[in-house]
Amino acid sequence: MSAVIGQRLPKLDAPDKATGRAVYGHDVRLPGMLHGRILYSQHPRARVVGVDASRAAKLAGVKAIVTAADNPATKFGYGKDNTPLKGDLVRSLRDEVAAVAAVDADIAEEALELIHVEYEPLEAVLDAEAALKADAPLVHPERGTNLFTQYDYSHGDPAKTGEAGSQVIVEDDFELPYVAHAAMETSVVVASFDHRGHLTLYSTTQIPFLLQRDLAEALGLDGSDIRIIQTAIGGAFGRGLDIYPFEPIAALLARKSGKPVRVSFSRYEEFLAAPVRQPAKVRIRAGAKRDGTLTFRDVYALLDIGAYVSWGSVTPLVMMETTASLYRVPRVRFRADCVYTNNPITGAVRGYGNPQSTFFVETAMDRLAEALGLDPIEFRVRNANRPNEDTPQGLKITSCGLKECLEAVAARADKGTEGTQGTEGTRDYGSFRQFPQVPLFPKKRGIGFASTLNVGGGARIYRSDGCGATVKVDDFGHVSLITGSTEIGQGSETVLAQIVAEVLGVKIEDVTVLNSDTDVKPWDVGVHASRTTFIAGNAAHLAAMDARRQIFETASELLKAPPEKLVAGDGRIFVRADGNQQSATPRGRFAVSNHHSVDLAKVARARHFREGGKVIIGEGWYDPPTSLVDKETYKGNISATYGFGAQMAEVEVDTETGKVRVLRLVCANDVGRAINPMAVEGQIEGGVQMGLGYALTEELIVKDGRVLNPDFLDYRLFTAADMPEIETIIVETDDPQGPFGAKGVGEMGGTPTAAAIANAIYDAVGVRLTTVPMTPERVLKGLMELKETKEMAA
Amino acid sequence: MPKFHLTLTVNGEPRELLIDPRRTLLDVLRNNLDLRGAHRGCDSGDCGACTVLLDGLPVTSCLLLAADCDGMDVLTVEGVLPSPPARGVGGEGELHPVQRALVEKGGIQCGFCTPGVVMAAIALLNDNPRPTEEEVRLGLAGNLCRCTGYKKIVEAVMSAAEA
Ligand code: FES
Ligand code: FES
């Protein structure tokens, strides 16, 4: 057993976070810093007749005002359709019309009230179906259509041979809502120019290097003029995966005022203007043979991406992956349309299309199992993905523990709270206790299952899916890992330090991780797609191996032994005794006294302080052996490996109120190898909190383009008191390409949760819900419809 | 606007300052007193990230006017830690048992909710040194966390209670 790999080590940054020392974006204060505030549109779609900021400009303390007139000439964003401030046309209620920088936040706020904007309201397109009508107003008139992009993927022939070869076919329509990231820290940025006109941005971005490039483009600067420093980040969950207007706006204000400017969102503004999960309407048809083999899946999804395109428009790629490759399906068609509307802007949210697609795919799986009279687990296991098998979509599955995950959760299915089915609740009659307690409206229990497939070895959605790392060992034997990757709370810093500590045979306390400055760290595509442990882990591993080679080179001279016979452990370099390589501890393994070993610091100094000396610096660059999907066929191996998981939910449905209480969630995940089991559990448990919200409580209600519940009172997150019992089972499959066998886990926790809960509700009361959140109203409506159908049948 | 003369005891030290009377306790802590451990997650009393102890009771400092706290005793996350670090320069800082448990049990991810959780948990344990899990969950129901799923936070508070 290793001293560091596989250990439940606390996060390196946790003590500073526990004591209030960590510096978040909101805590940054630069000398002379101004406060920036943004004025948003009053209409979902309108012509801007004029903006008069003259009164605001006269307010004492106002240092700069920017409007569309200050925009650089280029457009930015994933679809190159966005500008920092909007000029002639506003396209949503979150459109930025003007922004102010002032000496304090109150003055900035007051100045916004003094800006007069004259609008001519225009008819808006407020739903995706309406946007596709021939006479719909155009969100971006110059494009000539509201359709931004279409996906059409297929393998096999679902329509003909698929349908004909099926003994059972199911079909459902799904309606999926807007969901907010709801990171506890709202969006924030501080922009500051130096005398040369170089911009430093203090940012909570997840993509420092892409942002550097995007921002340069948006501001008409050169990428090398921009330095991004990432503060401690109070949650991200996909929010920071693109450039958003507040970032160039802060820079424009800073440039115009000649002072550093901070733009920080209020919670209201966060709900209004931060990107959200795109709503979708989905139809799925799926079939199977009598013996339980899947025959086909056919999906159409219509996504409302809002007024500007961000990475949200790429989520169909992930939906496609779940549809085409979760379980073995011989024939698949997946089509999706992404359309512009005058609704809120949508982006990437943890899971990136997968919670949605897992919900519809796993609902169809459950219905097929029922139609065939098969046990839901047996049916899933029969069709489960297998190790070392390419899917028709071109995913090269290597390690795969889906079957083990399913069996693990199934084994826990009847071990929990007593009675899984139809436990009758009773009505409390209070003082009328003399009456017998009659189960008028019983509480019913049920269990449900769902699986998940996720990229676990990066995701090539950009030309490079790489990450760089440098490992430096100083004269005191202290190790610095400089990694391109980003810590957003998930614990990557600690996991990467564990990998380096293991290779160099030092304690984790002896490793410092530097990961927050684009002027220092090597390139990385960003923290997304559950990729950091795998990609940045492999890069760190390579850099550490390179450093170790240098260490062994010098140690070999000192110890008078060939490098192949050296091993690192306990902060020292040992000569391995022949024939004694198996035992567990470094001391035991190397079975030697300190005469046959040398301190790491001493090696570093010996290498450094000599004629022609060198310092120990190891380098690593890892870009996985994967490919972008083909533009025509959408096929290709996007990830170097895939993560799998399964969940079992046990619910209790109150048939009087429709309220669903989740009693238990059992989550099994194939993570390759858990480098830090505590961190893995943390990812799963946190993902589950989001999955539970998606299933039961979270919906950003948007009406006429306006967010109606922009606060935590009305947008309900699960609290500590609401959470069910969560059991996490780690399945290890030792991935051949992962660092120490590990693969990604960051998004898998919440992906199958809504599906498992929906299936459990069906098991409990026979109501099949195809929309989330599964609120009491929706469950009750389902129960009533069920009753009517039963009465009609009787 | 006339200034308000505010007197507070903050983390054991008497403080006196002139403030804009519209300022909340959270504003004053973060902006006037340079104590940024209490975080602003919502500014409307819903998230608990700004929780501090006022005369020993947990409050959401974003909802209180600082002027209403005149003469009172405020404890923030910075004051929970003996400061400077107990073993002097170069020594390791001491952590309160609640902080230590949160660190060791994995109850901290992004950490934005953590200062509020620390203060709410300390208040809870002051009031009820041997809480049940249910009581811990209810005691922390006002502290939203988007990262951890709460399981490890609850475990940490339970273990701090046993310590
Ligand atoms: S900031 Fe005070 S409760 Fe959220
Ligand atoms: S640790 Fe991120 S909000 Fe709690």
Side-chain angles (χ1 to χ4, degrees), chain A residues 8 10-11 13-24 26-27 29 104 106 181-186 232-237 264 266-268 270 487-491 676 678-679 681-690 692 711-713 717-723 725-726 728 749, chain B residues 20 22 30-31 34-47 49 76-81 83 92-93 95-96 98-100 102-118 134 136-154:
Chain A
R8 305 175 68 84
K11 288 186 77 212
D13 55 0
D16 276 352
K17 287 175 170 174
T19 52
R21 282 192 171 88
V23 179
Y24 294 84
H26 291 270
D27 303 332
R29 306 275 188 278
D104 69 39
D106 292 334
H181 303 93
M184 280 303 117
E185 181 189 35
T186 55
I233 298 175
F237 313 114
S264 61
S266 67
R267 181 55 64 182
Y268 169 82
E270 182 77 12
E487 169 71 40
I488 47 173
Q490 85 281 42
N676 185 331
M678 188 161 79
E681 289 163 10
Q683 286 304 293
I684 303 291
E685 290 157 9
V688 161
Q689 191 266 4
M690 291 182 122
L692 283 163
D711 57 59
F712 285 135
L713 206 55
L717 304 186
F718 264 68
T719 70
D722 305 323
M723 291 296 288
E725 180 190 330
I726 305 172
T728 312
Chain B
D20 179 332
R22 297 171 301 178
R30 289 183 58 83
N31 298 332
D34 229 8
L35 293 168
R36 299 200 190 110
H39 293 152
R40 193 188 310 272
C42 68
D43 226 12
S44 54
D46 300 322
C47 77
T76 74
V77 72
E78 291 92 343
V80 167
L81 174 84
S83 174
E92 252 175 82
L95 293 175
H96 184 280
V98 165
Q99 291 170 318
R100 189 166 359 107
L102 282 167
V103 170
E104 284 170 4
K105 298 277 171 191
I108 301 174
Q109 287 188 29
C110 84
F112 200 78
C113 69
T114 307
V117 168
V118 168
E134 199 57 31
V136 171
R137 287 186 175 274
L138 285 173
L140 296 177
N143 295 80
L144 295 177
C145 174
R146 192 51 151 172
C147 302
T148 63
Y150 308 101
K151 183 172 175 180
K152 296 195 180 331
I153 293 179
V154 173

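So that the names make sense, note that chain A is the first sequence line, chain B the second, and so on, each numbered from 1.
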About how many Å separate [atom2] of [Y] and [atom1] of [X], when rounded to the nearest 0.5 Å?
{"X": "Q689(A)", "Y": "R146(B)", "atom1": "CD", "atom2": "CZ", "result": "5.0 Å"}
{"X": "C110(B)", "Y": "D13(A)", "atom1": "SG", "atom2": "CG", "result": "9.5 Å"}
{"X": "K17(A)", "Y": "Q109(B)", "atom1": "NZ", "atom2": "CD", "result": "9.0 Å"}
{"X": "Q99(B)", "Y": "T19(A)", "atom1": "CD", "atom2": "OG1", "result": "6.5 Å"}
{"X": "K151(B)", "Y": "E725(A)", "atom1": "NZ", "atom2": "CD", "result": "7.5 Å"}
{"X": "C147(B)", "Y": "M184(A)", "atom1": "SG", "atom2": "CE", "result": "8.0 Å"}

### Message
Going by the rule side-chain contact (heavy atoms from CB on, under 4.5 Å), which residues pair with T728(A) if we only count those two or more places apart in sequence or in a different chain?
### Response
E681(A), I684(A), E685(A), I726(A)
### Option that, when pairs with chain A are counted at under 4.5 Å, heavy atom only, ranks first among R22(B), H39(B), E134(B)
H39(B)
Given that the side chain runs from C-beta out, which part of [X] has a heavy atom under 4.5 Å from chain B: side chain, backbone, both or neither?
{"X": "Q683(A)", "value": "both"}
{"X": "D722(A)", "value": "neither"}
{"X": "S266(A)", "value": "neither"}

### Task
Work out which heavy atom in M678(A) is nearest to a heavy atom in K152(B); give both atom names and the distance.
O-CE, 3.4 Å
### Query
Looking only at heavy atoms, what is the nearest atom pair of R29(A) and N31(B), with distance?
NH2-OD1, 2.9 Å
### Query
Under the 3.5 angstrom rule, does the side chain of Y24(A) hit a backbone N or O of R36(B) as a donor-acceptor pair?
no
### Task
Go through the atoms of L144(B) and report whether side chain, backbone, both or neither lie under 4.5 Å from a heavy atom of chain A.
both
Side-chain atoms of residues 111-118 of chain B: list all donor-acceptor pairs with protein atoms under 3.5 Å, sequence neighbours left out, distances to 0.1 Å.
residue, atom, partner, partner atom, Å
T114(B), OG1, G111(B), O, 3.2

